[in-house]
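Quick note: numbers below take in every heavy atom, side chains included, and nothing from hydrogens, waters or symmetry partners. Because the structure is predicted, anything quoted here is derived from the model rather than measured.
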Amino acid sequence: MSAHAIFVFGSNEAGVHGAGAARYAHQNCGAIWGQGFGLAGRSFAIPTKDRKIETLPLSEIEKHVGRFIAIARAMPEENFLVTRIGCGLAGYTDDQIAPMFRDAPDNCFLSMAFVKAIERQAAGARGGAN
């Protein structure tokens with residue numbers, strides 16, 4: 001990972017980074033145990049689960065993603081590598097989560113699965129182009 005890459009991962013509001021991308025972020029990117037949202041080291045946590053480790057509703061995840069996007073816009077010198085948050089342990093699909101990142105700034109690099117989901121949605125909105 002480059003010096004200007006921040007690993008963006010799905011977390012829980014309790015900041016228990018025990019599995020999946022959260023565990024990776026804690027072990028390798030400076031994610032802080034107990035911090036469920038925000039920048040820590042070279043990582044950025046976006047909650048997809050609550051404090052009891054129950055999956056958050058999409059509307060709550062979307063609020064957290066919106067806060068993340070605002071922060072990413074305010075930090076144009078940084079590159080944010082966005083994993084498939086919410087699509088592993090939280091159980092959502094790429095098609096449910098990816099559109100939340102549609103307006104992410106250019107310094108946010110989305111997983112290819114998210115890029116494809118956004119493209120599919122855009123094609124559907126245009127009437128199913130190719």
Side-chain angles (χ1 to χ4, degrees):
M1 197 164 10
S2 80
H4 290 288
I6 296 173
F7 183 76
V8 181
F9 65 99
S11 182
N12 57 70
E13 292 174 334
V16 176
H17 306 310
R23 181 178 177 149
Y24 176 85
H26 182 253
Q27 292 177 339
N28 299 288
C29 304
I32 297 171
W33 200 269
Q35 180 181 325
F37 177 84
L39 187 63
R42 301 303 300 165
S43 70
F44 197 105
I46 300 176
T48 59
K49 292 192 170 202
D50 65 16
R51 290 194 166 278
K52 295 179 183 176
I53 321 300
E54 297 293 328
T55 299
L56 289 169
L58 288 168
S59 61
E60 288 300 309
I61 296 171
E62 190 165 23
K63 289 176 190 174
H64 291 303
V65 170
R67 290 173 55 207
F68 160 72
I69 288 173
I71 292 166
R73 280 192 207 294
M75 299 175 69
E77 72 285 358
E78 299 289 356
N79 291 320
F80 294 89
L81 307 178
V82 180
T83 65
R84 295 175 60 237
I85 74 149
C87 298
L89 298 172
Y92 289 114
T93 67
D94 297 307
D95 289 326
Q96 290 172 299
I97 300 289
M100 297 178 191
F101 290 92
R102 183 179 33 249
D103 296 324
D106 291 342
N107 61 332
C108 291
F109 297 88
L110 306 181
S111 72
M112 188 53 62
F114 276 9
V115 170
K116 288 180 180 181
I118 291 168
E119 288 172 352
R120 277 192 305 274
Q121 185 184 49
R126 289 190 308 266
N130 295 358

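- Here ring pair (Phe, Tyr, Trp, His ring centres under 6.0 Å) pairs that include residues 95-120, with residues two or more places apart or in two chains, are F101-F114.
- The backbone N or O of A72 lies less than 3.5 Å from a partner atom in the side chain of N107, making a donor-acceptor pair.
- Put simply, V115 and F80 are part of the same group of oily side chains (I, L, V, M, F, W, Y) that touch within less than 4.5 Å, one to the next.
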Item to complete: Start with the C-alpha distance between F7 and Y24, add both sets of side-chain angles, then the distance that settles ring pair (Phe, Tyr, Trp, His ring centres under 6.0 Å), and finish with yes or no.
Response: CA-CA 9 Å; F7 183 76; Y24 176 85; 5.0 Å; yes
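- Checking V82, L39, N79 one by one against I6, the side chain to side chain contact (heavy atoms under 4.5 Å, CB included) holds for a single residue, L39.
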Discussion item. Using side-chain contact (heavy atoms from CB on, under 4.5 Å), reason through I97 and L58 one step at a time and then give a plain yes or no.
Written reply: CA-CA 8 Å; I97 300 289; L58 288 168; 3.7 Å; yes
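- The closest side-chain heavy-atom distance from L110 to I118 is below 4.5 Å.
- The side-chain hydrogen bond (donor to acceptor under 3.5 Å, both in side chains) test applied to R23 returns no partner, not counting sequence neighbours.
- Considering all non-hydrogen atoms of both residues, F37 and F68 come closest at CZ-N, 4.0 Å.
- Nearest approach of I85 to V8, heavy atoms of both residues: CG2-O, 4.3 Å.
- Remark: S43 engages F9, A25, C29, A31, A40 in a side chain to side chain contact (heavy atoms under 4.5 Å, CB included) (not counting sequence neighbours).
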Item to complete: Quick one: do R42 and E78 satisfy salt bridge (Lys or Arg N to Asp or Glu O under 4.0 Å)? Show the steps, please.
Response: CA-CA 10 Å; R42 301 303 300 165; E78 299 289 356; 2.8 Å; yes
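- Applying the side-chain hydrogen bond (donor to acceptor under 3.5 Å, both in side chains) test to D95 and every residue at least two apart in sequence or in another chain returns R120.
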In a table with atom names and distances, give each donor-acceptor pair under 3.5 Å that connects a side chain of residues 13-20 to protein atoms at least two apart or in another chain.
from	atom 1	to	atom 2	distance (Å)
H17	NE2	I32	O	3.0
H17	NE2	Q35	O	3.2

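- Sorted by first and then second residue, the salt bridge (Lys or Arg N to Asp or Glu O under 4.0 Å) pairs with a member in residues 45-59 form an empty list; sequence neighbours excluded.
- Proximity of a side-chain donor or acceptor of T55 to a complementary backbone N or O of A90 within less than 3.5 Å is detected.
- Atoms CG and CG, from L56 and N12 in turn, are 9.0 Å apart once rounded to the nearest 0.5 Å.
- For the atom pair CE (M100) and CD1 (I69), the distance works out to 10.0 Å, reported to the nearest 0.5 Å.
- For A45 against G36, the heavy-atom pair with the smallest separation is CB-O, 3.4 Å.
- Between A5 and L81, the shortest heavy-atom contact is CB-CD1, 3.7 Å.
- Within the structure, side chain to side chain donor-acceptor pair (under 3.5 Å) contacts touching residues 81-92 (residues at least two apart or in different chains) are R84-D94.
- Rounding to the nearest 0.5 Å gives a distance of 10.5 Å between SG of C108 and CD1 of I71.
- Take Q121 and apply the side chain to side chain contact (heavy atoms under 4.5 Å, CB included) test, not counting sequence neighbours, and it matches P99, R102.
- Checked against side-chain hydrogen bond (donor to acceptor under 3.5 Å, both in side chains), K63 has the following partners two or more places apart in sequence or in another chain: E60.
- Listed by chain and residue number, Q96 satisfy the side-chain hydrogen bond (donor to acceptor under 3.5 Å, both in side chains) test with T93 (two or more places apart in sequence, or in another chain).
- The minimum heavy-atom distance linking A22 with G10 is given by the pair CB-O, 3.7 Å.
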